[in-house]
Structures are given as structure tokens and as C-alpha cells.
There are 2 protein chains.
Amino acid sequence: MELLSFFESIYKITPDARESLSSLITEKEYSKNEVIQQIGSRCRTIYIVKKGIARIFYHKDGLDITEHFAFDNDLIVRAESLFTGEPTSKGIQAIENTTVYAIDSSSLFSLYDQHHDIERLFRLLFEREHVNSIKRLESLQFQSAKDRYLELLKNTDYIQKIPLKHIASYLGITQVSLSRIRSEIR
Amino acid sequence: MELLSFFESIYKITPDARESLSSLITEKEYSKNEVIQQIGSRCRTIYIVKKGIARIFYHKDGLDITEHFAFDNDLIVRAESLFTGEPTSKGIQAIENTTVYAIDSSSLFSLYDQHHDIERLFRLLFEREHVNSIKRLESLQFQSAKDRYLELLKNTDYIQKIPLKHIASYLGITQVSLSRIRSEIR
DNA sequence: GTAAAAAATTAACAAATGTTAAATTCGGAC
DNA sequence: GTCCGAATTTAACATTTGTTAATTTTTTAC
């Protein structure tokens with residue numbers, strides 16, 4: 001499975017562990033705009049995007065806000081719930097027709113006790129997510145909206161497939177502001 | 001040691017592991033404004049604040065920006081370097097006279113192989129940091145500066161000991177804006 | 001205690017972003 | 001292809017935040 005090769009590129013686990021892990025992985029398809037996990041639920045599944053685009057979103061003052069985008073091989077979890085067990089006000093939605101690998105989190109966490117190397121693999125995977133959060137913090141803290149948009153364009157080819165309203169809220173600005181920025185750039 | 005009780009409240013490790021871990025922990029004192037780790041260095045030490053206040057900071061366009069504050073029992077690491085091995089443009093500074101526990105990261109990581117439970121303990125500790133980063137992302141993405149300031153006031157008693165210039169940059173605004181906000185509140 | 005330096009506030013104006021509403025463009029259903 | 005609804009852009013004005021510089025307050029060094 002492609003996913004296992006991706007995992008191997010992060011940290012190599014024993015064949016035994018590999019087999020246990022592999023039995024937890026299922027594949028799911030979602031169509032464009034389909035909600036994968038509802039707002040208000042607990043995060044009990046770790047998703048990895050196989051193909052397509054997904055986002056984490058929530059509502060604030062009646063507005064739909066995108067907190068995160070995930071593309072090929074990206075993890076998509078609501079960490080504030082996965083790591084605490086608490087429900088989260090965030091949901092997950094497919095932006096396009098999207099195929100994901102899904103891993104039940106409590107089954108995975110049980111494996112940690114038997115397979116030290118699986119725990120390590122996922123520790124390393126989540127550390128990468130942690131670093132991503134910090135980088136994004138930096139950009140939200142002290143870059144202009146225009147700079148954040150330009151950086152987003154640089155880093156991702158998939159961007160043109162994402163509705164601008166989602167990009168705007170991801171950048172922390174209104175859609176009108178984003179339009180203005182786009183017209184300045186052209 | 002107080003630190004070991006704190007660790008135990010997160011995850012209980014075996015007496016053997018406890019002893020190994022304990023031998024890595026040293027205590028260091030820094031005086032007000034002293035730089036603990038220079039900008040541009042690699043993060044090779046995990047600090048936990050015993051007493052006092054420390055901050056993570058960096059320079060952007062000649063300005064000094066505070067990315068993070070740490071108080072009692074808070075971890076303070078430059079995760080983007082610790083987890084990648086790369087140098088970071090961020091430094092660590094004591095805001096007050098501060099005592100920290102210090103753990104050499106490569107020694108700690110070596111212990112992970114022998115002591116699964118130490119790896120777990122630190123995984124859990126860093127997961128908490130990860131969740132904190134996400135919460136902060138949320139507030140930077142879609143709260144006004146005033147709301148962010150009010151929330152900061154709510155959450156921390158130590159705030160009044162921190163120079164306002166640091167608080168302003170932490171909130172992502174200028175010191176002048178923060179003064180304005182403060183005068184509106186009174 | 002006093003002087004100098006640093007920190008914080010205030011003021012005036014500039015720039016960026018938000019808000020509302022209308023106009024235009026685009027995409028999907030038929 | 002046409003129509004309808006959604007997405008995007010544009011415009012006009014309001015609000016927030018930034019910039020510069022002067023002033024006041026607080027802290028530090030002696």
C-alpha cells in the first residue's frame with residue numbers, strides 16, 4: 001500500500017508491527033463538499049489524504065472558517081480533540097472528491113503498548129504537524145494578508161482548486177479583502 | 001524533585017526509567033533579560049520553567065517579536081528546531097530572574113530506545129504543546145486584537161510582570177495599538 | 001534621592017482590512 | 001445552449017491597526 005511506503009519514509013517499523021498497523025487502515029471515499037467529521041464530534045479517527053483535498057473548519061459568529069487544508073499524504077486530525085479526548089467545535093470536509101486512509105485512533109493507541117515502533121512512527125508524524133502549526137503561527141502573527149496569500153500560492157499547486165472563500169478565512173481575512181489583494185497582484 | 005512529580009502527573013514511568021531520566025535533569029538560573037539560547041542556534045535542550053518567566057523571540061524587519069511565553073511548569077523549546085535538527089531563527093530569553101530545569105535533548109532521545117515509557121511521557125508533554133499552538137492559531141486567525149488581549153489577561157496572572165512591548169508583539173500588534181486598546185478598556 | 005534611560009502613552013495622520021450591497025462571472029442542471 | 005444559483009469582484013464607506021513623533025511615566029544606575 002502506498003501509505004505504508006509513506007510511513008516507511010518517516011520511520012521504519014518491524015514487519016510484525018507493519019502487519020498490525022496495516023490491518024487498522026481502511027480506505028474511504030468522499031464526494032465533493034461531503035462532511036467527513038461533524039462539528040462537535042470527538043476526533044477518533046486519524047485520516048491521511050490519499051487523493052483530493054480536505055479541510056478542517058468551524059463556525060465563528062455565523063461564519064464558516066477554514067483552519068487547515070490537507071493534500072496528498074497529509075494527516076488530517078483535530079488534534080485538540082484527539083490528544084485530549086474532548087469534543088471539538090471543528091469538523092472535517094472534503095473540498096473535492098477525496099479518498100482518505102482512515103485509522104481508528106483507539107485501536108492505534110492500543111497498538112502503542114505492544115509496538116514501541118508504531119508509537120514512535122506516529123510521534124514523528126505528529127511532530128511534523130506540530131512544526132507546521134508553529135510555522136503557520138509565525139505567518140499569522142507578523143505577516144500582512146498579502147504576504148500570507150503569496151506564500152500560500154508559492155507552496156501549493158492545489159490552491160486553484162479551492163474556493164476563494166475558504167482561502168480567505170484560512171488567511172484570516174474576508175473574501176472581499178482577498179479579492180482586493182488578488183486584483184493588486186495582477 | 002518537583003519536576004518529577006509534575007511529570008508523574010502526566011504519565012507514570014517505572015522507577016528505573018525515573019532514575020535514568022532524573023540523572024539528565026539539571027537546574028539553571030538566569031537573571032532578568034539574560035539570553036538562554038541565542039537566535040540562530042539549534043535547539044538541543046529542553047527547558048521547563050521552575051520559577052520565573054521566559055519567552056521565545058525572533059527578529060523580523062528589525063523588530064523584536066515574542067512568539068511564546070512560558071511560566072511555571074511550562075516547557076520551553078524551539079520545536080521547529082528540536083524536531084528537525086535544523087537551526088532556528090528564534091532565541092530564548094529570561095524575562096525575569098528565572099530558574100529552569102534543563103534536559104539535554106540528544107541524551108533524552110537516547111533514553112527513548114531503552115525506556116518506552118520515557119518516550120511516551122515526552123510524547124504526551126509535547127502533545128500538550130501542540131494543542132496549545134493550535135489554540136493560539138485559532139485566536140490569531142479570527143479574533144480581534146482586543147479580544148486576544150482580554151483573553152490573555154484572563155488566562156495568566158503573571159502577565160503584569162511582562163513588558164507591554166513583548167505582549168504587543170505576542171498579540172501580533174504594535175505597542176501603540178496595545179496602548180490604545182488598554183485605554184479603551186479602562 | 002537624582003539623573004538618565006527605558007517603557008508606555010497620546011496624538012495626528014496613513015494604510016490595511018472590514019462591512020454592506022450591487023454587479024459580474026462562473027459552473028452545473030436540465 | 002440556457003437558466004439559475006453560487007462564487008467572485010467591485011465600489012463606497014467605516015473601523016481597525018500601523019507609523020511617526022512628542023510627551024509622560026517608570027525603572028535603573030549612580
Side-chain angles (χ1 to χ4, degrees), chain A residues 30-35 52-53 55 57 59-66 69 93-98 138-153 158-186, chain B residues 30-35 52-53 55 57 59-66 69 93-98 138-153 158-186:
Chain A
Y30 295 91
S31 48
K32 183 169 173 172
N33 294 328
E34 193 175 351
V35 171
I53 308 179
R55 69 179 186 120
F57 70 104
H59 296 316
K60 161 114 194 192
D61 305 334
L63 299 173
D64 174 316
I65 295 173
T66 295
F69 294 118
Q93 185 185 29
I95 290 180
E96 304 240 301
N97 293 341
T98 298
E138 254 177 80
S139 78
L140 279 171
Q141 194 178 353
F142 256 98
Q143 277 181 230
S144 68
K146 189 185 210 163
D147 289 346
R148 295 201 295 277
Y149 179 60
L150 290 173
E151 200 169 298
L152 190 63
L153 283 184
Y158 303 92
I159 286 301
Q160 71 279 0
K161 293 191 173 174
I162 301 175
L164 291 173
K165 62 180 173 184
H166 294 336
I167 293 179
S169 72
Y170 178 80
L171 295 173
I173 57 179
T174 61
Q175 190 174 341
V176 175
S177 283
L178 179 56
S179 268
R180 218 163 6 209
I181 287 169
R182 283 162 56 85
S183 75
E184 282 170 33
I185 289 171
R186 265 182 268 124
Chain B
Y30 295 92
S31 47
K32 183 169 178 174
N33 295 326
E34 192 175 350
V35 171
I53 308 179
R55 68 180 187 122
F57 70 104
H59 296 317
K60 162 113 192 190
D61 305 333
L63 299 173
D64 174 318
I65 295 173
T66 296
F69 295 119
Q93 186 185 30
I95 290 180
E96 303 240 300
N97 293 341
T98 298
E138 255 177 80
S139 78
L140 280 171
Q141 195 178 353
F142 256 98
Q143 276 180 228
S144 68
K146 189 185 209 164
D147 289 346
R148 295 201 296 278
Y149 179 60
L150 290 173
E151 199 168 300
L152 190 63
L153 282 185
Y158 304 91
I159 286 301
Q160 71 278 358
K161 292 191 174 174
I162 301 175
L164 290 173
K165 61 180 174 182
H166 294 335
I167 294 179
S169 71
Y170 177 80
L171 295 172
I173 58 179
T174 60
Q175 190 175 341
V176 176
S177 283
L178 180 56
S179 267
R180 216 162 9 206
I181 287 168
R182 283 162 55 85
S183 76
E184 282 169 34
I185 287 170
R186 266 182 269 124

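Quick caveat, the model's predicted, so the values are computed rather than measured. The sequence lines fix the lettering, A, B, ..., with proteins before strands; numbering per chain opens at 1.
Between A/Ser179 and D/dT9, a side-chain N or O to OP1/OP2 separation shorter than 4.0 Å is present. Regarding contacts with the backbone of C/dT9, a side-chain N or O of B/Arg182 is found under 4.0 angstrom from either OP1 or OP2. At the phosphate of C/dT17, neither OP1 nor OP2 sits under 4.0 Å from any side-chain N or O atom of A/Lys146. Phosphate proximity of D/dG18 to B/Thr174: present, with a side-chain N or O under 4.0 Å from OP1 or OP2.
Between the P atom of D/dT19 and the CG atom of B/Leu178 lies a distance of 15 Å, rounded to the nearest Å. Between the C1' atom of D/dT27 and the CD1 atom of B/Ile95 lies a distance of 17 Å, rounded to the nearest Å. For the pair A/Lys32 NZ and D/dA6 C1', the interatomic distance rounds to 11 Å; values are reported in whole Å. Per the geometry, CG belonging to B/Leu63 stands 11 Å off C1' belonging to D/dG18, to the nearest Å. When the C1' atom of C/dG28 is taken as reference, atom CG of A/Asn97 falls 14 Å away, rounded to whole Å. Atom NE2 in B/His166 sits about 13 Å away from atom C1' in C/dA8, given to the nearest Å. Counting to the nearest Å, the P atom of C/dT25 and the CD atom of A/Gln175 are 16 Å from each other. Per the geometry, CD belonging to B/Gln143 stands 12 Å off P belonging to D/dT17, to the nearest Å.
In this structure, the nucleotide among C/dG18, D/dT10, C/dA8 sitting nearest to the side chain of A/Val176 is D/dT10. When distances run from any side-chain atom of B/Arg180 to the nucleotides C/dT19, D/dA7, D/dT17, the shortest one goes to D/dT17. Nearest nucleotide to the side chain of B/Leu164, out of D/dT9, D/dG18, C/dT9: C/dT9.
Listed for the A/Thr98 side chain is a donor-acceptor partner under 3.5 Å among the backbone atoms of A/Ile53. Panel note: side chain A/Asn97, backbone A/Ser31; no donor-acceptor pair is recorded below 3.5 Å.
Nearest heavy atoms, B/Ile65 versus A/Gln141: CG2-NE2, 3.7 Å.
Put simply, the side chain of B/Ile181 reaches to within 4.5 Å of the side chain of B/Ile173, judged on heavy atoms.
Side chain to side chain, B/Ser177 and B/Arg180 meet the donor-acceptor criterion of an N or O pair below 3.5 Å.
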